[in-house]
> 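My questions all concern the structure below.
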2 protein chains.
Amino acid sequence: MRSAANATAPHPRPSVLGGAAHRPARAGLTAFEQETLAVFVGLARVVGLPKSYGEIYGLLYASAGPLNFGDIQERLGLSKGSVSQGLKALRAVGAVRLAEPAGGDRDHFVPETELRKLVGGFLKESIRPHLDGSDRRLAALGGLVGPSAAGPAERKILQGRVDKLMRWHRQGRAVLPWIEKLLG
Amino acid sequence: MRSAANATAPHPRPSVLGGAAHRPARAGLTAFEQETLAVFVGLARVVGLPKSYGEIYGLLYASAGPLNFGDIQERLGLSKGSVSQGLKALRAVGAVRLAEPAGGDRDHFVPETELRKLVGGFLKESIRPHLDGSDRRLAALGGLVGPSAAGPAERKILQGRVDKLMRWHRQGRAVLPWIEKLLG
DNA sequence: ACCCGAGTTCAAGAAAAAATGAACAAATAA
DNA sequence: TTATTTGTTCATTTTTTCTTGAACTCGGGT
């Protein structure tokens with residue numbers, strides 16, 4: 001591809017020229033971008049994702065057009081490693097996609113902006129695996145009530161707890177699709 | 001005085017749950033208890049709560065009767081500080097309650113076992129606050145699109161993003177009550 | 001072939017979160 | 001009152017998680 005050093009060519013890069021930066025926290029980010037990042041960094045926290053992932057998604061969200069790897073790294077001031085891993089993870093969850101498969105140049109990234117897909121991807125990649133994992137554990141639990149309980153009364157209570165736990169799982173699973181549906 | 005703080009302190013303290021220990025990984029915990037802990041520690045992780053909270057709730061869940069502070073500390077081998085904070089937080093979320101206000105002795109704790117209440121408490125204490133917090137941020141975002149955008153086309157796109165973000169929040173808020181309802 | 005730039009991987013350092021323990025407060029008993 | 005037992009708070013230590021940077025791979029381009 002072309003002039004290696006800089007890939008900023010095809011994209012209108014919002015610059016800090018005219019408007020005065022209010023909070024020069026991160027060089028080269030507009031106030032709009034900074035606020036957007038803050039929103040998504042907070043969101044990342046809530047869902048247990050690293051800050052840098054929130055920043056990457058936030059920057060894409062605050063950009064009118066696709067950005068490539070270099071853009072992201074440069075503007076956020078992150079290491080290549082972080083950007084690489086962040087993009088990989090975000091793509092795995094379906095939060096970020098490649099723009100225009102063709103195009104010749106480097107890969108460009110855009111944010112997925114459909115809430116339903118975003119949440120869907122997250123549920124699928126993060127919640128379901130957990131449910132599946134603990135399902136195995138739960139199966140084993142049933143057999144352990146007996147040896148553990150001191151008497152029949154206690155035994156009954158504990159068995160009830162195990163049953164309830166299994167019910168929770170079923171309910172949890174059942175709710176996920178509804179959440180996605182309600183967000184559509 | 002003996003500092004009862006640490007794990008290796010052997011105690012003759014019988015708890016509501018007597019029982020033979022099959023896997024003495026954690027001294028004095030039955031296999032059933034250990035498995036149950038594992039389940040809730042995993043759950044705590046998913047929800048972004050410290051492991052110790054999961055252990056505390058798990059132990060209560062695996063116990064047929066109420067436990068007091070000392071029971072919990074001793075059997076889990078946690079420090080007093082951890083138990084204190086854990087119980088406080090779990091109570092704040094409504095995951096743990098005091099059993100029988102009367103009774104004379106120390107406070108006894110029981111787990112909340114209604115899924116709806118558990119989830120409800122969590123949503124109320126953890127998700128809502130976040131939504132409220134970012135609402136303020138979002139309000140500000142609208143005013144920053146103009147100064148940030150390079151041209152009218154871009155401006156329009158970014159404005160669309162901001163609008164969408166606000167819509168997400170509304171949808172998010174709207175879904176929460178449904179989740180609780182679906183779990184009832 | 002070689003070189004150069006783009007991106008990935010992973011060990012190691014930095015940062016953040018959680019657990020500890022000791023000082024403290026509250027409540028009870030002697 | 002003083003001594004004891006119970007629980008809380010918070011600074012410090014420990015553990016976990018995140019980020020970095022350097023070595024490495026992959027793919028043109030010359």
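Chain identifiers are assigned alphabetically (A, B, ...) following the order of the sequence lines, protein sequences preceding nucleic acid strands; residue numbering begins at 1 within each chain.
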> I'd like to check the salt bridge (charged side-chain N to carboxylate O under 4.0 Å, His left out) partners of E180(B); sequence neighbours left out, ordered by chain and number.
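With neighbours one apart ignored, the set is empty.
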
> Tell me whether R91(B) contacts the main-chain N or O of R97(B) through its side chain, where contact means a donor paired with an acceptor under 3.5 Å.
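Such a contact is absent between R91(B) side chain and R97(B) backbone.
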
> Can you check nucleotides 8-15 of chain D for protein contacts, nitrogen or oxygen pairs under 3.5 Å, and list what you find?
| from | atom 1 | to | atom 2 | distance (Å) |
| --- | --- | --- | --- | --- |
| dT8(D) | OP2 | S84(B) | OG | 2.7 |
| dT8(D) | O5' | S84(B) | OG | 3.3 |
| dT9(D) | OP2 | K88(B) | NZ | 3.1 |

> In whole Å, what is the span from the NZ atom of K51(A) to the C1' atom of dT16(D)?
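Rounded to the whole Å, the gap is 17 Å.
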
> Without decimals, in angstroms, what is the distance between E55(A) CD and dA15(C) C1'?
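Rounding to the nearest Å, CD of E55(A) and C1' of dA15(C) are 14 Å apart.
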
> CD of Q73(B) versus P of dA19(C): gap in Å, rounded?
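Q73(B) atom CD is separated from dA19(C) atom P by 14 Å.
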
> Rounding to an integer number of Å, can you tell me how far L49(A) CG sits from dA16(C) P?
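It is 17 Å, rounded to the nearest whole Å.
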
> By ring-ring contact (aromatic ring centres under 6.0 Å, His included), which residues pair with F109(A), not counting sequence neighbours?
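For F109(A) there are no ring-ring contact (aromatic ring centres under 6.0 Å, His included) partners, ignoring immediate neighbours.
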
> Would you please name every residue forming a ring-ring contact (aromatic ring centres under 6.0 Å, His included) with F32(A), sequence neighbours left out?
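F32(A) satisfies ring-ring contact (aromatic ring centres under 6.0 Å, His included) with no other residue.
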
> Just grab all the salt bridge (Lys or Arg N to Asp or Glu O under 4.0 Å) pairs involving residues 129-144 of chain A, residues at least two apart or on different chains.
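Non-adjacent pairs meeting salt bridge (Lys or Arg N to Asp or Glu O under 4.0 Å): D132(A)-R173(A), D135(A)-R173(A), R137(A)-E35(B).
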
> Counting just side-chain N and O atoms, does S52(B) come under 4.0 Å of either OP1 or OP2 of dA19(C)?
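Result: yes.
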
> Check every atom of dA18(C), dT6(D), dT19(D) against the side chain of P50(B) and return the nucleotide holding the closest atom.
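Shortest atom-to-atom distance from the side chain points to dA18(C).
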
> Tell me which nucleotide among dG21(D), dT20(C), dG7(D) gets nearest to the side chain of S79(A).
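The closest nucleotide is dG21(D).
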
> I'd like a list of close polar pairs between nucleotides 26-30 of chain C and the protein, N/O only, cut-off under 3.5 Å.
none

> Just how far is it from atom CG of L29(A) to atom CG of L76(A), taken to the nearest 0.5 Å?
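If we round to the nearest 0.5 Å, L29(A):CG and L76(A):CG are 6.5 Å apart.
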
> Anything under 30° is parallel, anything over 60° is perpendicular, the rest tilted; go ahead and classify W168(A) against F40(B).
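Perpendicular, since the angle between the ring planes exceeds 60°.
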
> Round to the nearest Å and state the distance from N68(A) atom CG to dG5(C) atom P.
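From N68(A) CG to dG5(C) P: 16 Å.
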
> Roughly, in whole Å, what's the span from CD1 in I56(A) to C1' in dG7(C)?
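Distance check: I56(A) CD1 to dG7(C) C1' gives 13 Å.
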
> With a 3.5 Å distance limit and no angle check, can you tell me whether Y57(B) reaches the backbone of E112(B) through a side-chain donor-acceptor pair?
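It does hold such a pair.
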
> For a quick test of reading the model, state the closest non-hydrogen atom pair linking V175(A) to I179(B) and the distance between them.
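Reported closest heavy-atom pair: CG1-CG2, 4.4 Å.
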
> Over how many whole Å does the gap from H108(A) atom NE2 to dA6(C) atom P extend?
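Distance, rounded to whole Å: 12 Å.
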
